[in-house]
Structures are given as structure tokens and as C-alpha cells.
Protein chains: 2
Amino acid sequence: MLKRERQAFILHRLNLHNKVLSVDLCKEIGVSEDTIRRDLQELSDAGRLIKVHGGALSMAFSEVKFAPLNVYSRAHKAIIAKKALRLIEDGMFVLTSGGTTILELVRNLPMNLRATIMTGSVPVINACIAYPKIDVVVVGDKLSKDSKLTVGVDAVEQISRVNAGLCFLGTNALDMEHGLTDNDREVVQVKKAMVNASAKVVCMTIAEKLQTYQPMQVCGLKKINYLVTELDPNDRILRPFIDAGITVI
Amino acid sequence: MLKRERQAFILHRLNLHNKVLSVDLCKEIGVSEDTIRRDLQELSDAGRLIKVHGGALSMAFSEVKFAPLNVYSRAHKAIIAKKALRLIEDGMFVLTSGGTTILELVRNLPMNLRATIMTGSVPVINACIAYPKIDVVVVGDKLSKDSKLTVGVDAVEQISRVNAGLCFLGTNALDMEHGLTDNDREVVQVKKAMVNASAKVVCMTIAEKLQTYQPMQVCGLKKINYLVTELDPNDRILRPFIDAGITVI
DNA sequence: CAGGTTCTTGCGTTTTTTTGCGGGAATTAT
DNA sequence: ATAATTCCCGCAAAAAAACGCAAGAACCTG
């Protein structure tokens, strides 16, 4: 096998699997590891792949998985935010949890919107301060450093005293069997209270989190009124949720 | 699984759920905890996540945007903050109001200090999040856009339920005749509640605000235990306060 | 075609990377 | 306070990479 052939083979393999191991390659092609290593080095120098200890990764892999974190799924979340905005009417009383999706929603609020937002999420509070016509009601109690959200019995109690028109929930995991689930006990308590205190519940999530689940349940699917994802509402992935009676946007 | 793959997996997981536990990761991936820990360390060094005891947190919404640094008399306020720090003991429960002087105090807290800080000031909450060993208790209620402080009967009620060891008050005006005074009705209510809920009250202020007064009284001089200014405690301006029984630092 | 040059490849050795493990320190939970 | 985790450090083994070298193939050139 010629050098060129070999390198083409490697690239082809890389497009299929996004990764190759030097060990596998040298067995399959029947050359020494040094040769493979030199091939990988050359291809790496030419910018066709990313050499790592033990083999190589495709450029696609690195772009997708190692994209700058602060823009991870940001575009998706902006789409979700814009769609969810339609649900907010002037003068509404809105409850929100935390999370980057919710934060994106708040950052996309129209400047002239008049509403009351009740939340225990510190980033959301920070974002809300910028809006002159929005009344912010802070949920007080112990601040969870992980989620940057106030949690605890006091928080639950304060939430249970209100009657919100709408509740936006950042979603950690959502599937048909377990409903809306999360991994932090205290956060689950707060979210539960929010669901019970609201006329309508809106779940906002990137599609990637659909059909996954976490250890603790916030609520069953029946309590969820709207599901907002970045996908087209007709996407087949969303079909089961529509069938379950959820309005998918 | 290659090292890079593993790290990509961790980052991906982190972006989905905002938090990962080393224990979970090493089970799922099938490597030792040390390996996971080293991965987390490397990713942390690269600034791609925040390592914490037991796992890691997503970088997504820990964008620490520092409030304006061009605060009036910042140097003076830093001196005041350093002096006031001496009053805080390990394990204390501390109440604080808002204001740039208080904020300066929080920013000068020692990293290893263990304490509980209860406050309704959004900037103070933001600053406190950075300290891993500080428990933050948020006072909830309506957020006043002017003072970035929660105010209202609920806030007052929550404050009145605690017994704090120390209360730091940002000071708007202080004089012999009217005591501690302020100009915002709702803020005054909150501050009153804080004074009543604390064993010791600390007023922090630049000397410029001494011997001035505002329309509404928070409390009389008798309730104030400590006065912290940028001046030397022996300064003659501070004499009357010492004579009134206040410990001047 | 002879002779020299360049390229490619494999081998042995050295160096680096990665990983797991044990024990003690530190931190957290009970 | 005490117990249980988790973390940190150094070590050692295994795997992989880098390096120099030399044999052979391919390629040019006169």
C-alpha cells in the first residue's frame, strides 16, 4: 500500500468514526506503528486531522465538542427564547427557575414589556434589573452555589403563596416515562413549588435533553402545558409529547 | 476511550446538566477517579469549567461581571472595609444592607472565612457567590431598582425571624441629633428590621457623611455599636460618637 | 546503465504521557 | 466530635511517541 493510499484510508476512516487508534490502523494496514505515526503527523501538519496520544480525531469532532463553552448551544437557546416570548402577555405574573435557557429568555425580553417576574435565580435577577418596566420579585432563602438559585423551605413557602399565570422551567431532562426530572434535590423542591403555583407550565429545553432522565422528578408530563425547543414543532422527535397533550412550540 | 474524547464527554455532560460528579463520571466512563480528577484539573486550568469538591460546574453562567469600579471615594471605602473585617469572626451570622461600602467589605473578605451572610442586596449577593465557604441567605421580596435591594413587608418579616451576630449597615447619613438616617422609605424599613435582628450593629461610612442627616430615621445612636470610617479613631471629628458610647474603629 | 540522491520504512533505544494505586491530608457530612 | 469522602502527592508500570540509524526502494542524471 502506497503512502498516499494509506493516508487517504486514514482520512476516510476518520470521516466515518471521528476517531482512529494508531494500534488499529497499523494492524489493519499491515505497517509498523512508526509509519502510521508519521502519517498522522503529516496529516496533522497539513491540518486534516487532530493528532492525540493514541491516535487521532477528526476536525469535525474538535469543532463540535470543543467549541467555546460560552456559545455552546447558545444559538439554539436564542431560538427557544424567541419562541417562548410569545407566551408572555403584558401585565403577567411570571415565575421562572434558573438555567442558561431561561437566562436567554430574559435577555430577549422586549424593552417595553410590563410584567412581574418572580425568581430565585441570581443571574436572572441580574438580567431583569436592566428592564425598567419589569417588576422583580426575589425568592429569598439559602443560595445554592451550584445552581445560583435560592432553595429551601422558605423559598418553597414564598412560591406557594403566589398564583402565577405562567411558569418557565429550565429543563435538565424530560422523557415520556419519568416526566420532568432533575439531579439536585433542593432545586427539585423549588421547581415543584413553581409548578404548583402556576396556571400554565412551560418547559424550555434543547432537543438534546429530550428523552433523557435524571434521578429526581419535578412533575409528570401531565402538568406541563408547553414545550419549547429549537426544533420545528412538526419534528418527529416531538411527536410523543404532542400525543401526550403538550402544546409544542 | 482517548483522553481528549473523555474530556469532550465531560464538557458535553457539563453543558447539559451544569454540574458533574467525579463519582458518576468514573463509573460511566470506566476509569479511575484519579483520571477523572486529572481531567477536571486540566479542563479547569484551561478555563473550561469550574472545579469544586466532588466534581465540577459549568462555566456557563458564572460570568462575573464586576460592578463599576469607579466608585466615589473607593480608596476610602477600601480602608473602611479592611477595618470592618476585624469584626467578623469565623462561623458568624451576618446581616448586611446594600451600598458600595458594604460591597467593598464583601470583596475584601478572606477566602477561607466561614460565615453566613444574609442580605437583600443584589450586588452583595453577586460578590458573595465567589466565596466557596460563605453561605448566602437571600432576603426575598420586591426588588427596588434604585437601591438594588429587596424591600417590603416580606423582606422585613424574613429579617425579623433571624438572630444575627452582626449587622453591617451602609450609611447614608449619621449625626448626633437624628442618629442614622436615610431617604428611601422602603430601605429604611428593611434597615430597621436588620438593626432589631442583630446583636451588634456596625455603621460603615466615609467621614463626609458624618454630621449630615436625611428625612427618615433608621435608628438612634444608642443602637449603634461600632462606627467604621476611613479616619483615625482619634480624629476629633469622631469624638462626639465615642462620647455617645459608640466603639469607633 | 552506473552512481548518486532522495524518500520511505522498520528497528532499537530513550523519553514522554497516561494511568492506577497507596497513604496521608483536607474537606464534608453525620 | 467522628466517620466518610474526596483530594493531593509521589511512585511505578504500561503504552505511546520521538529520535537516530540504516536498509532498501524509487528516482533522477549524465
Side-chain angles (χ1 to χ4, degrees), chain A residues 1-11 13-14 19-46 48-57 62 66 142-147 151-152 183-187 189 215-216, chain B residues 1-11 13-14 19-46 48-57 90-92 109-116 129-137:
Chain A
M1 203 178 214
L2 269 39
K3 188 177 169 189
R4 281 292 178 76
E5 273 185 285
R6 227 172 34 224
Q7 299 194 350
F9 178 83
I10 292 173
L11 287 175
R13 175 60 70 89
L14 214 42
K19 107 172 166 182
V20 290
L21 303 181
S22 329
V23 179
D24 294 347
L25 285 174
C26 78
K27 273 186 197 160
E28 267 176 274
I29 304 180
V31 290
S32 80
E33 278 192 55
D34 279 273
T35 307
I36 293 297
R37 206 168 286 123
R38 272 184 280 245
D39 283 341
L40 293 182
Q41 185 61 57
E42 281 177 38
L43 291 169
S44 172
D45 290 345
R48 312 282 303 269
L49 53 74
I50 292 163
K51 204 160 97 62
V52 298
H53 199 91
L57 301 172
S62 86
F66 274 79
K142 194 187 75 176
L143 184 65
S144 154
K145 290 254 164 61
D146 293 352
S147 53
V151 295
N183 60 2
D184 187 313
R185 193 176 52 80
E186 295 184 305
V187 171
Q189 289 168 355
M216 275 164 281
Chain B
M1 203 177 207
L2 296 168
K3 187 178 168 189
R4 281 292 254 295
E5 268 187 295
R6 222 173 37 224
Q7 299 191 349
F9 178 83
I10 293 173
L11 288 175
R13 180 55 74 87
L14 208 45
K19 147 174 130 180
V20 292
L21 303 179
S22 333
V23 169
D24 294 345
L25 286 174
C26 76
K27 273 185 198 159
E28 269 177 275
I29 304 180
V31 291
S32 79
E33 273 190 63
D34 280 276
T35 304
I36 293 296
R37 202 168 292 118
R38 272 185 279 242
D39 283 339
L40 293 181
Q41 185 61 56
E42 279 178 38
L43 291 169
S44 170
D45 291 345
R48 317 202 53 141
L49 53 75
I50 297 162
K51 203 160 98 64
V52 296
H53 198 94
L57 302 177
D90 219 61
M92 250 189 183
L109 287 174
M111 259 307 170
N112 60 351
L113 177 71
R114 192 180 294 277
T116 304
I129 287 182
Y131 294 88
K133 295 186 181 176
I134 297 219
D135 280 335
V136 183
V137 178

> OP1 or OP2 of C/dT19 sitting under 4.0 Å from any side-chain N/O of B/S32?
Replying inline: no

> Rounded to whole angstroms, how far apart are CD on A/E42 and C1' on D/dA18?
Replying inline: 15 Å

> What integer distance in Å separates B/I29:CD1 from C/dG20:P?
Replying inline: 11 Å

> How many Å lie between CE on B/M1 and C1' on C/dT17, as a whole number?
Replying inline: 19 Å

Tabulate protein N/O versus nucleotide N/O from nucleotides 11-17 of chain D, keeping only pairs under 3.5 Å, one per line.
residue, atom, partner, partner atom, Å
D/dA16, O4', A/H53, NE2, 3.4
D/dA16, O3', A/G54, N, 3.2
D/dA17, OP1, A/G54, N, 2.9
D/dA17, OP2, A/R37, NE, 2.7
D/dA17, OP2, A/R37, NH2, 3.0
D/dA17, O5', A/R37, NE, 3.2

> Among C/dT9, C/dT19, C/dC11, which nucleotide sits nearest the side chain of B/R6?
Replying inline: C/dT19

> Any side-chain heavy atom of B/L11 sitting closer than 4.5 Å to one from B/Q7?
Replying inline: no

>> Using whole Å, what does the distance between atom C1' of nucleotide C/dG10 and atom CG of A/D39 come to?
In response: 13 Å

> To the nearest Å, how far apart are B/Q41 CD and D/dT6 P?
Replying inline: 17 Å

> Atom CG of B/L25 to atom P of C/dT19: distance rounded to whole Å?
Replying inline: 14 Å

>> For B/K19, is there an ion pair with A/D184 - N to carboxylate O distance below 4.0 angstrom?
In response: yes

> Run the side chain to side chain contact (heavy atoms under 4.5 Å, CB included) check on A/L57 and B/E5 step by step: do they pass?
Replying inline: CA-CA 9 Å; A/L57 301 172; B/E5 268 187 295; 4.2 Å; yes

> Sub-3.5 Å donor-acceptor pair from the side chain of A/K145 to the main-chain atoms of B/Y131, do we have one?
Replying inline: yes

> Looking for any heavy atom pair under 4.0 Å, which part of the strands does A/R4 touch: base, sugar-phosphate only, or nothing?
Replying inline: nothing

> For B/L2 and C/dT18, what is the distance between atoms CG and P respectively, to the nearest whole Å?
Replying inline: 11 Å

> Which nucleotide sits closest to the side chain of B/K133: C/dT19, C/dT27, C/dG10?
Replying inline: C/dT27

> Under 4.5 Å between any side-chain heavy atoms of B/D39 and B/K3, yes or no?
Replying inline: yes

>> Please check this pair: side chain of A/S22 against backbone of A/G54, looking for a donor-acceptor N/O pair closer than 3.5 Å.
In response: yes

> Between A/R6 and A/T35, is any pair of side-chain heavy atoms under 4.5 Å apart?
Replying inline: yes

> To the nearest angstrom, how far is B/D34 atom CG from C/dG23 atom P?
Replying inline: 14 Å

